[in-house]
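Computed from a predicted structure; not experimentally measured.
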Amino acid sequence: MLDASDEKVVLDLLHSAGFTTEVTRSDNGAAEIKVDDGEIRFWIFFQACSKGPDTCEVITFSSGYDLNWTNLEDVVNAWNQSRYTKAYIDDENDPFIEFSINMLHGVTRENFVDTLGWFMLEVEEFENLIGWGQSAETSQPI
């Protein structure tokens, strides 16, 4: 079983699947993992860590995009009606998609890997929808 109390287990799983990672820490010491497979980049945030970084209960997959695009609200609203991931627009008008997993009491490694696969498929679809990478003016995911 896999839970959110030890990021090393998640890192080992990601590395064995061929991902490169970079770990930083939030203000409360919880892991924030930048993940890259060569085509898709995203973050894994360890959250709901009320008693310290080794007590986290939630893992959130997140991908954000620095975009200059209008009418994002319509795209985000349509996306949220039929997807597992949820999209939102931050205070700088940049779109994000996220998916959170309740890790309290653990999930199987297979479940975690399958959920990660769902997230990555939806990232690809979201990037196609917003035209990510189709313009010379695009930048890296945030």
Side-chain angles (χ1 to χ4, degrees), residues 1-69 72-142:
M1 295 296 277
L2 179 70
D3 64 23
S5 65
D6 184 1
E7 75 265 11
K8 184 178 180 331
V9 176
V10 174
L11 285 166
D12 289 345
L13 192 142
L14 292 167
H15 292 155
S16 69
F19 293 99
T20 59
T21 61
E22 179 183 329
V23 179
T24 57
R25 301 273 167 208
S26 67
D27 290 342
N28 71 356
E32 300 177 340
I33 305 172
K34 185 177 182 180
V35 183
D36 188 338
D37 78 345
E39 294 182 26
I40 295 175
R41 289 178 209 100
F42 60 95
W43 287 87
I44 297 176
F45 297 105
F46 287 66
Q47 299 175 312
C49 314
S50 61
K51 297 177 185 168
D54 60 348
T55 64
C56 300
E57 298 176 359
V58 173
I59 287 179
T60 298
F61 302 122
S62 179
S63 190
Y65 305 88
D66 187 8
L67 247 236
N68 292 322
W69 199 36
L72 281 172
E73 294 86 4
D74 294 339
V75 171
V76 166
N77 287 336
W79 180 269
N80 286 336
Q81 292 178 20
S82 62
R83 301 298 178 151
Y84 295 111
T85 56
K86 294 303 169 200
Y88 67 92
I89 301 166
D90 73 0
D91 58 356
E92 296 177 359
N93 204 40
D94 296 321
F96 281 76
I97 59 170
E98 291 187 341
F99 187 79
S100 295
I101 307 169
N102 176 352
M103 301 291 288
L104 190 62
H105 309 297
V107 299
T108 65
R109 288 177 178 267
E110 293 81 7
N111 180 288
F112 185 85
V113 169
D114 193 49
T115 303
L116 177 60
W118 284 0
F119 177 74
M120 292 183 66
L121 285 173
E122 293 213 352
V123 166
E124 286 182 69
E125 291 176 19
F126 190 75
E127 288 178 351
N128 288 334
L129 181 67
I130 64 173
W132 186 253
Q134 297 173 9
S135 164
E137 296 180 17
T138 60
S139 59
Q140 299 298 321
I142 52 178

Less than 4.5 Å apart, side chain to side chain, heavy atoms only: is that true for [X] and [Y]?
{"X": "Ile44", "Y": "Phe19", "value": "no"}
{"X": "Glu110", "Y": "Val113", "value": "no"}
{"X": "Phe126", "Y": "Pro95", "value": "yes"}
{"X": "Val10", "Y": "Thr21", "value": "no"}

Considering non-hydrogen atoms only, spot the tightest contact between [X] and [Y] and give its length.
{"X": "Ser50", "Y": "Thr55", "value": "N-OG1, 4.0 Å"}
{"X": "Phe45", "Y": "Ser62", "value": "CE1-CB, 3.5 Å"}
{"X": "Met103", "Y": "Asp3", "value": "O-CB, 3.6 Å"}
{"X": "Ala4", "Y": "Phe46", "value": "O-CD2, 3.4 Å"}
{"X": "Asp36", "Y": "Glu39", "value": "OD1-N, 4.1 Å"}

If I take atom [atom1] from residue [X] and atom [atom2] from residue [Y], how far apart are they, to the nearest 0.5 angstrom?
{"X": "Phe61", "Y": "Met120", "atom1": "CZ", "atom2": "CE", "answer": "10.0 Å"}
{"X": "Tyr88", "Y": "Glu98", "atom1": "OH", "atom2": "CD", "answer": "4.0 Å"}
{"X": "Asn77", "Y": "Ile89", "atom1": "CG", "atom2": "CD1", "answer": "7.5 Å"}
{"X": "Leu11", "Y": "Asp6", "atom1": "CG", "atom2": "CG", "answer": "8.5 Å"}
{"X": "Ile101", "Y": "Thr115", "atom1": "CD1", "atom2": "OG1", "answer": "4.5 Å"}
{"X": "Ile33", "Y": "Thr20", "atom1": "CD1", "atom2": "OG1", "answer": "12.0 Å"}

task: If the plane angle is over 60° it's perpendicular, under 30° parallel, otherwise tilted; pick one for Phe99 and Trp118.
output: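 The rings of Phe99 and Trp118 stand perpendicular, inter-plane angle above 60°.
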query: Relative to each other, are the rings of Phe42 and Phe119 parallel, tilted or perpendicular (30° and 60° limits)?
result: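 Ring orientation, 0 to 90° scale: perpendicular.
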So, the side chain of [X] versus the backbone of [Y]: is there a donor-acceptor pair under 3.5 Å, distance only?
{"X": "Glu7", "Y": "Ala31", "value": "no"}
{"X": "Asn80", "Y": "Ala87", "value": "yes"}
{"X": "Asp94", "Y": "Leu67", "value": "yes"}

- prompt: Would Ile59 and Phe112 count as a side-chain contact (heavy atoms from CB on, under 4.5 Å) if you check the C-alpha gap in whole Å, the side-chain angles of each, and the deciding distance to 0.1 Å?
  reply: CA-CA 10 Å; Ile59 287 179; Phe112 185 85; 4.1 Å; yes
- request: Take Ile97 and Arg83 through the test side-chain contact (heavy atoms from CB on, under 4.5 Å) and record every step on the way to the result.
  value: CA-CA 10 Å; Ile97 59 170; Arg83 301 298 178 151; over 6 Å; no
query: Should Thr85 and Val123 be marked as a side-chain contact (heavy atoms from CB on, under 4.5 Å) after you check the CA-CA gap, both sets of side-chain angles, and the distance that decides it?
result: CA-CA 9 Å; Thr85 56; Val123 166; over 6 Å; no
message: The criterion is side-chain contact (heavy atoms from CB on, under 4.5 Å); which residues satisfy it with Thr24, sequence neighbours excluded?
response: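 Result, side-chain contact (heavy atoms from CB on, under 4.5 Å) vs Thr24: Glu22, Glu32, Trp43.
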Check against side-chain contact (heavy atoms from CB on, under 4.5 Å), Glu125 and Asn128: CA-CA 5 Å; Glu125 291 176 19; Asn128 288 334; 5.6 Å; no
